[in-house]
Amino acid sequence: MEKEFKITSAKHYEETMINIFEMQEQEEPLTAAQVAEMELMIKAADKYEAEEL
């Protein structure tokens with residue numbers, strides 16, 4: 001079951017984008033859980049961009 005991740009404000013959007021960038025930049029490979037979490041954040045960011053920006 002997929003967890004729900006929803007961005008509720010511009011500040012939350014900015015923090016999410018920073019978290020995604022930091023996850024992509026870490027030296028050790030991402031775990032499957034981290035990849036799944038990042039995909040949820042990206043989907044939420046895309047939805048927020050389409051609806052709010």
Pairs flagged by ring pair (Phe, Tyr, Trp, His ring centres under 6.0 Å) wherever residues 22-47 is involved - sequence neighbours left out: none
E15/K11 under salt bridge (charged side-chain N to carboxylate O under 4.0 Å, His left out): CA gap, chis, key distance, verdict: CA-CA 6 Å; E15 291 169 352; K11 182 169 176 48; 3.3 Å; yes
Ring pair (Phe, Tyr, Trp, His ring centres under 6.0 Å) contacts in which one or both residues fall within residues 15-34, not counting sequence neighbours: none
Residues which pass side chain to side chain contact (heavy atoms under 4.5 Å, CB included) with E52, listed by chain and number, not counting sequence neighbours: Y48
Atom pair CD1 (I7) and CD (E51), whose distance is rounded to the nearest 0.5 Å: 10.5 Å
Euclidean distance, K47 NZ relative to K6 NZ, rounded to 0.5 Å: 5.0 Å
Atom pair CZ/CD of F5 and E39 - distance to nearest 0.5 Å: 13.5 Å
Audit row: M41, M23, side-chain contact (heavy atoms from CB on, under 4.5 Å) steps and yes/no: CA-CA 11 Å; M41 289 191 292; M23 289 174 81; 3.4 Å; yes
Any side-chain heavy-atom pair of Q26 and Q34 under 4.5 Å: yes
Heavy atoms of other groups near E28 CD, more than 12 under 6.0 Å: yes
side-chain contact (heavy atoms from CB on, under 4.5 Å) evaluation trace for M38 with L30: CA-CA 10 Å; M38 188 167 60; L30 296 173; 3.6 Å; yes
E49 side chain near Y13 side chain, heavy-atom distance below 4.5 Å: yes
Gap between atom OG1 of T16 and atom CG of L40 - 0.5 Å precision: 11.5 Å
